[in-house]
2 protein chains.
Amino acid sequence: MVECDPSTTPSATPPGGRSRARSATPAVRPEVDAGPPPVVTEAPDAGGTHPRPRRSDATRAAILAAARDRFAADGYERATIRAIARDAGIDPSMVMRYYGNKEGLFAAASEIDLRAPDLTAVPYEERGARLVRHFIELWESDETLTGMMRVGVTNEAGAERMRRIFAEQVRPFVDAVCPVPEEAPTRAALIGSQILGMALCRYVLRVAPAVELSHDELVAWLAPTVQRYLTAERP
Amino acid sequence: MVECDPSTTPSATPPGGRSRARSATPAVRPEVDAGPPPVVTEAPDAGGTHPRPRRSDATRAAILAAARDRFAADGYERATIRAIARDAGIDPSMVMRYYGNKEGLFAAASEIDLRAPDLTAVPYEERGARLVRHFIELWESDETLTGMMRVGVTNEAGAERMRRIFAEQVRPFVDAVCPVPEEAPTRAALIGSQILGMALCRYVLRVAPAVELSHDELVAWLAPTVQRYLTAERP
DNA sequence: TACGCTTGCCAACAAGCGTTGACCAACATG
DNA sequence: CATGTTGGTCAACGCTTGTTGGCAAGCGTA
């Protein structure tokens, strides 16, 4: 039953290989604490950006990594705390202690950076294609975004998270290249609908014809759409 | 793993009428045992195609209606058999007897008819707009499609159901108007990606700018995209 | 050495799940 | 009438879930 070897403390990426192939996620973000556990006494900031390295930082990171994988693979309900703890090689109660409850864990595990490119540096007619290619590569770099969608559809907190990502990371870069500011939200939503829709068909539902398209074909088909949403006159 | 119950014959083969519950959820039985005597005065041989009306048909329909609502609202995992039974005003065990298990219930509850219009009767340049408008209205007519998406994203059986709907109800009508047959699946998938993507943003995630668009604006923005996927030369 | 945090495991809790089988009330038919 | 079938309730089962509290070992410091 117990496969956890107590002699070796879980280090940087302890859960072994598992199914994990990602390495693109920001290595470690130990500051996500935010202090949900009520017993934790707020440590004085000590002047630095980091409060202080804790001995449990590796465990926290392992939990977070396992949580990301599980939420991505199974969605919110089926990703159980027990399974996440098992993947991380620790006891379920530790998850509670460090993240308060399941929602807190999800909140900590679902921070996403779209790394949207700066479109102002891209020639006018190539912006659509650039955007499409960026998101294809981002989507295929790991399962984070697939997981975000799985959770966003079934869980209200997940949906809220997606709305926030949209508002904070998609709208701004559309804003930057949109001549009429009040049109930017609409244009961003349209772009999002096409990107998310293709991602849904290709990576989540795995509709055959969508899966079989090559990157270049995908760009060739979708780029004009995105370009139009980005630049065409409002109909 | 009892799949076929020998004692009774639940076999979800003839789940009530084939007629789709189009008019919202028919208030079959909102109250607990409204007290109509379960007298079935139906002629035993009335319908030639139907095997025979059973006394329990009303209950079966109530279960199905409640199941559709719950699956739509909560997704597969959170839509519990107990809650569905409560909504239908009967005991959870009846659900098991009539539909075998939860997956069987879902299979029976998730039959969907997109009623895609015959595009050959629509002028060439209006086909995209016609398609977009049809799906907007379909999506807003009830919560069936929203539920389908919720389940399709988290549950593999739900995803398979969506792939089948795509193959059986979307591809054919694209086939009918696509001059090059082998391009039809791709074009259908592209159209599906845009329609589903907007539905995701507007009805499931409720991204504000997508929600605020009027029907006409929606058609004006999306129709050219769909039209291009439908008719433009393959890039 | 002893003390107080920290880190972690263990065992248990209450609740909820899908599912089952026993049992009862009608009805249909001999 | 008796009998078999159908429609339905009730109480429970085995299991998993999120969550909690107690306890033991490790560590930093006095």
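So that the names make sense, note that chain A is the first sequence line, chain B the second, and so on, each numbered from 1. Values below: all heavy atoms of this structure, side chains included; hydrogens, waters and symmetry mates excluded.
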State which residues pass salt bridge (charged side-chain N to carboxylate O under 4.0 Å, His left out) with B:Glu77; sequence neighbours excluded, sorted by chain then number.
-> A:Arg78
Residues in salt bridge (charged side-chain N to carboxylate O under 4.0 Å, His left out) contact with A:Arg161, at least two apart in sequence or another chain = none
Could you run through nucleotides 23-30 of chain D and give me one letter per nucleotide, 5' to 3': B if any protein heavy atom sits under 4.0 Å from the base, S if only the sugar-phosphate is that close, - if neither?
-> ---BS---
Taking only residues at least two apart or on different chains, which pairs with a member in residues 200-212 of chain B satisfy side chain to side chain donor-acceptor pair (under 3.5 Å)?
-> B:Glu140-B:Arg202, B:Glu140-B:Tyr203
Quick one: [X] [atom1] to [N] [atom2], roughly how many Å, whole number?
X: B:Met94; N: D:dT6; atom1: CE; atom2: P; answer: 13 Å
X: B:Glu77; N: D:dT16; atom1: CD; atom2: C1'; answer: 13 Å
X: B:Arg60; N: D:dG7; atom1: CZ; atom2: P; answer: 7 Å
X: A:Asp74; N: D:dT16; atom1: CG; atom2: C1'; answer: 15 Å
X: B:Met96; N: C:dT19; atom1: CE; atom2: P; answer: 4 Å
X: B:Ile63; N: D:dG7; atom1: CD1; atom2: P; answer: 11 Å
X: A:Tyr99; N: C:dT7; atom1: OH; atom2: P; answer: 12 Å
X: B:Ile84; N: C:dC17; atom1: CD1; atom2: C1'; answer: 13 Å

Residue pairs involving residues 54-92 of chain B (criterion ring-ring contact (aromatic ring centres under 6.0 Å, His included); sequence neighbours excluded) | B:Phe71-B:Tyr76, B:Phe71-B:Phe106, B:Tyr76-B:Phe106
Look at the side-chain N and O atoms of A:Thr59 and state whether any lies under 4.0 Å from the OP1 or OP2 oxygen of C:dT7.
-> no
Which donor-acceptor pairs under 3.5 Å do the side chains of residues 166-174 of chain A make with protein atoms, sequence neighbours left out?
unit_1: A:Glu168; atom_1: OE2; unit_2: A:Arg164; atom_2: NE; d: 3.3
unit_1: A:Gln169; atom_1: OE1; unit_2: A:Leu114; atom_2: N; d: 2.7
unit_1: A:Gln169; atom_1: NE2; unit_2: A:Ile112; atom_2: O; d: 2.8

Give me, pair by pair, the N or O atoms of the protein and of nucleotides 10-14 of chain D that are less than 3.5 Å apart, along with how far apart they are.
unit_1: D:dC10; atom_1: N4; unit_2: B:Asp91; atom_2: OD2; d: 3.4
unit_1: D:dC10; atom_1: N4; unit_2: B:Ser93; atom_2: OG; d: 3.0
unit_1: D:dA12; atom_1: N6; unit_2: B:Arg82; atom_2: NH2; d: 3.4

State which of D:dT19, C:dT19, D:dG7 makes the closest approach to the side chain of B:Ile81.
-> C:dT19
Proximity to the side chain of A:Asn101 - top-ranked nucleotide from D:dT19, D:dG7, C:dT19 | D:dT19
Is the NZ or CZ atom of A:Arg187 positioned over A:Tyr229's six-membered ring, under 6.0 angstrom from the centre and within 45° of the axis?
-> no
With sequence neighbours left out, the residues meeting side-chain hydrogen bond (donor to acceptor under 3.5 Å, both in side chains) with B:Glu156 are B:Arg163
A:Ser93: partners by side-chain hydrogen bond (donor to acceptor under 3.5 Å, both in side chains), with sequence neighbours left out = A:Asp91
Kindly compute the distance separating CG (A:Leu131) from CG (A:Leu222), expressed to the nearest 0.5 Å.
-> 11.0 Å
